[in-house]
Amino acid sequence: MTRILPVVVLDRADQAEPLGAALLAGGIDTMEITLRTAAGLDGIRRARSLDGVRVGAGSVLTPEHVDQVVDAGAEFIVCPGLSAAVVERARHHGVDILPGVATPTDLMAAVALGLDRVKLFPAGLLGGPAWIAALSAPFPGMRFVPSGGVTAANLADYLAIPAVDQVSGSWMVTRELIAGGDWDRVTALSARAVQNRD
Ligand code: 3PG
């Protein structure tokens, strides 16, 4: 799987298939569709019709959201923070869960839940790569997916950190690009990201 995880906000569910195809053409075979808009759930359903794209749900806040996105076909779940109830519901369904952390206390809670992979959110505001370098020391087994403020310009700094296996962000799938149906640009930005170029 690619080390880039696009964070997608859909205004219309029918944007999901051309967007997924544009990402795939650029070498990105996964996408997180958020529940921030009403189109999110249906967008997940539609994106699942694409071959070769792993579709997840983002901005998942409650166990009820977990049930809804699993029903829509989500193959993984991403949260902005850490909720034991959400983690447990995802495990109940056998779906991968990537909760968010922002402090060492969150990381200890993640360890207590048996997690070894977390999203760092909002990574840029928390201190970026330096935060991960500092927190990797006391949590040597933890893997991080930084999200929030990751761009084409700082992508390489994050990916160079051994504890980072993936980064997430919206720079190749901005709402403007999606609204304008600018799929060629999505593909071009994705290809550059995969090649780790800004
Ligand atoms: C988000 O909150 O939408 C994700 O963390 C992505 O953030 P970004 O838009 O700064 O890439």
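For ligands, and for the atoms within them, numbers begin at 1 and follow the listed sequence. Owing to the predicted nature of the structure, the values given are computational and were not obtained by experimental measurement.
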- Task: Can you tell me which residues line ligand 1 if we count any heavy atom under 4.0 angstrom from one of its atoms, in chain and number order?
- Result: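 Contacts of ligand 1 under 4.0 Å: V7, R36, F121, S147, G148, G149, G169, S170.
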Would you mind writing out the side-chain donor-acceptor pairs for residues 122-136 within the sub-3.5 Å range, not counting sequence neighbours?
residue: S136; atom: OG; partner: I132; partner atom: O; Å: 2.7

- Would you check if the side chain of N154 reaches a backbone N or O of T151 as a donor-acceptor pair within less than 3.5 Å?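 Confirmed, N154 side chain pairs with T151 backbone.
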- Message: Using modelled atom types and a 3.5 Å cut-off, is there a donor and acceptor pairing between side-chain atoms of T174 and backbone atoms of W171?
- Response: no
- Query: Under the 4.5 Å side-chain heavy-atom rule for ILVMFWY, direct or indirect, which residues accompany V7?
  - Reply: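 Other cluster members: none.
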- salt bridge (charged side-chain N to carboxylate O under 4.0 Å, His left out) between D116 and R143, worked out: CA-CA 6 Å; D116 60 6; R143 315 283 302 160; over 6 Å; no
Atom pairs and distances, side-chain donor-acceptor, residues 68-83, under 3.5 Å, sequence neighbours left out:
residue: E75; atom: OE1; partner: V55; partner atom: N; Å: 2.8
residue: S83; atom: OG; partner: A85; partner atom: N; Å: 3.3
residue: S83; atom: OG; partner: V86; partner atom: N; Å: 3.1

